[in-house]
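One structure is given below, encoded as structure tokens.
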Amino acid sequence: MALSAEESGRLAALLSGNAERVTQRWTEIIAGSLRGRLSQAELRRQVQDLHHAIVSTGEQGAIDLPAENATELRATLSELSRGRARQGFSATETAISIFALKDVVAELVEEAGGDNKLRDYVAYSGLIDELGLFTFESFVRTRESLIADQAEQLLELSTPVVKLWEGVVAVPLVGTLDSARAQVVMERLLQTLVDTGSPYAIIDITGVPAVDTQVAQHILKTVVAARLMGADCIISGIRPQIAQTIVALGIEFGDIATKASLADALRHVLRLTGVETARRQPRRDA
Amino acid sequence: MTAGVDLGPQAQAIRSDEDVVRVRQLVRAVAVAVKLSLVDQTKVVTAASELARNTLVYGGGGSVEVTTVDNGRRRGVQIVFVDSGPGIPDLDLAFTDGYTTGGGLGLGLSGARRLVDDFHIDTSAETGTRITVTKWSR
Amino acid sequence: MERVPILKIGDILLVSIQLDMSDQTAVQLQEDLAERIVATGCHGVIIDITALDIVDSFVGRMLSTIASISKVLDAETVVVGMRPAVAITLVELGLSLNGIRTALNVERGMELIAAARADEHEYQLDDDPDAETATP
Ligand SMILES: Nc1ncnc2c1ncn2[C@@H]1O[C@H](COP(=O)(O)OP(=O)(O)OP(=O)(O)O)[C@@H](O)[C@H]1O
Ligand SMILES: [Mg+2]
């Protein structure tokens, strides 16, 4: 709920006129709800920032959270939520930090008295509700992105690309391969080829229970992309069921080398590199 | 409300080879600003390069406008190519891999469509061709 | 218009594309290379695209054309250093770069050219009737 310019002015005056007391009480109430998990000094600093943002917005005119002149206020609230989300506080604990201001304001309004006291209090508490909800929303958004980041890290952890031999890297795929994961794995594989200068890659799918069209497409595209970069891929560990799906789906593996096991694949690569030298050696001797 | 870089719509004329290079650079900058992954940046810049060249070669020149878009959940790059050339008489044919009237590879249009998330085309002999593409962050 | 420099290293011409080329620059490079192959008698061309952050159908076509032209002029072309993101994009675009040899980096590219020249040399030996009778 936006406040009118007069209401905003009165609120700003009320808060700045009792600055020390407001921050003191506000900090106390929050500290009670967080039970010492945040230092008093840090809490106090946060409360002072919030206090300052509300007062300075109110002094400039009507406080309307989505409006241009409330940029600083929004930034302060977002920063608070982000910090709380990172430190592992709950959404409720975060929102309470804002709602606590209601108690403080109620006390001040009561003391100040006057004809408008009830109407003012209703208006102020409407505004505080809005600030609280805003905090809640940015808290949730931060959590979501934290979770997404963590999911991505897990994804990377679960797909190691290893250097198997000089010039040969392998990626043993384990578990269900959805399209997102297949994509991450394949990008990492290609990057590892570049980083290690390896012209051979083995994609081992022994540990993959099922392959659908999309995943098979990802693997195929990776093989083609690797070729464009100047590297060759061998696919190993295709189990009978998967071979059947691949055929049933009508996916063409074309001239891509496939081997029963990772060991077979490595032997194949070593023979490829070995044969070339062996083939030429006698010529040079002759 | 996020404190991201917000580039307003940016326009660029397509009158020469060098303009096509500028379109690529402009699209790259916006794609970086909305935090597309490296692969997605590469895809959208490549698509833009293809479409800008078509605008120049077949549309007789035109212009492009690059904007950031936000659907509440994700941000993205939107690019609009406009020319007042002859239009494309048979769209199905033009979108066939390998079809070209200009001695190209015939991959520009169809490939660009595969490289972006949304692809929209309006074309007629009277108004020319207008293509809007969007790539969203993941 | 900017021009892409061509370096001669031993028997190899090395082209390292460092800029976002306009189509005209790409066409110019194609012409310059053909001339340099003839003028130097080099038998290998390495095109290093490590610095390129995209390859579109125009540049792709130029690379294929350079490979074909150099073949006619008895030189082997290898494109090296394609970035993963570029390769993934090319696959999606549908460009297959047919007839182009590729390698991960310049050193591998040199090895490839050396191997190709050696193979050719072998063929000549194989075709030689005297060599045939000489083998037990
Ligand atoms: N803006 C346009 N105005 C008129 N015709 C167009 C336009 N864009 C494309 N076309 C037509 O569609 C055909 C296919 O375009 P596409 O970009 O797929 O292939 P290309 O430009 O011929 O070759 P490539 O892009 O692979 O080098 C063109 O040959 C041309 O006839
Ligand atoms: Mg085209």
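Residue numbering restarts at 1 for every chain, and letters A, B, ... go by the order of the sequence lines.
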Legend entry - Any residue meeting side chain to side chain donor-acceptor pair (under 3.5 Å) with C:N105, in chain and number order, not counting sequence neighbours: none
Legend entry - Atom CD of A:E42 with >12 non-hydrogen neighbours under 6.0 angstrom: yes
Inset, instruction - Select one option (side chain, backbone, both, neither) describing which atoms of C:T89 are under 4.5 Å from chain A's heavy atoms. - result: neither
Legend entry - A:A225 versus C:A87, closest heavy-atom pair with distance: O-CB, 3.6 Å
Legend entry - Heavy-atom closest contact (A:L190 atom, C:P84 atom, distance): CB-CB, 3.7 Å
Inset, instruction - Write down the atom of A:V224, the atom of C:V91, and the distance for their closest heavy-atom approach. - result: CG1-CG2, 3.9 Å
Inset, instruction - Assess whether atom CD of C:E2 is packed by more than 12 heavy atoms of other residues, nucleotides or ligands within 6.0 Å. - result: no
Legend entry - Closest non-hydrogen atom pair, A:L228 against C:L97: CD2-CD1, 3.7 Å
Legend entry - Gap separating the CE atom of A:M229 from the CD1 atom of C:I88, nearest 0.5 angstrom: 8.5 Å
Legend entry - Crowding at CD, C:Q28 (>12 non-hydrogen neighbours, <6.0 Å): yes
Inset, instruction - Not counting sequence neighbours, which residues clear side-chain contact (heavy atoms from CB on, under 4.5 Å) with A:S145? List them please. - result: none
Inset, instruction - With chain A as the partner chain, list the residues of residues 6-27 of chain C whose heavy atoms fall under 4.5 Å from it, by residue number, and write 'none' if nothing qualifies. - result: none
Legend entry - side chain to side chain donor-acceptor pair (under 3.5 Å) involving A:T206 - partner list, sequence neighbours excluded: A:D204
Legend entry - Atom group of C:E107 that falls short of 4.5 Å from chain A, counting heavy atoms: neither
Inset, instruction - Could you tell me which portion of A:T222 (side chain, backbone, both or neither) has an atom closer than 4.5 angstrom to a non-hydrogen atom of chain C? - result: neither
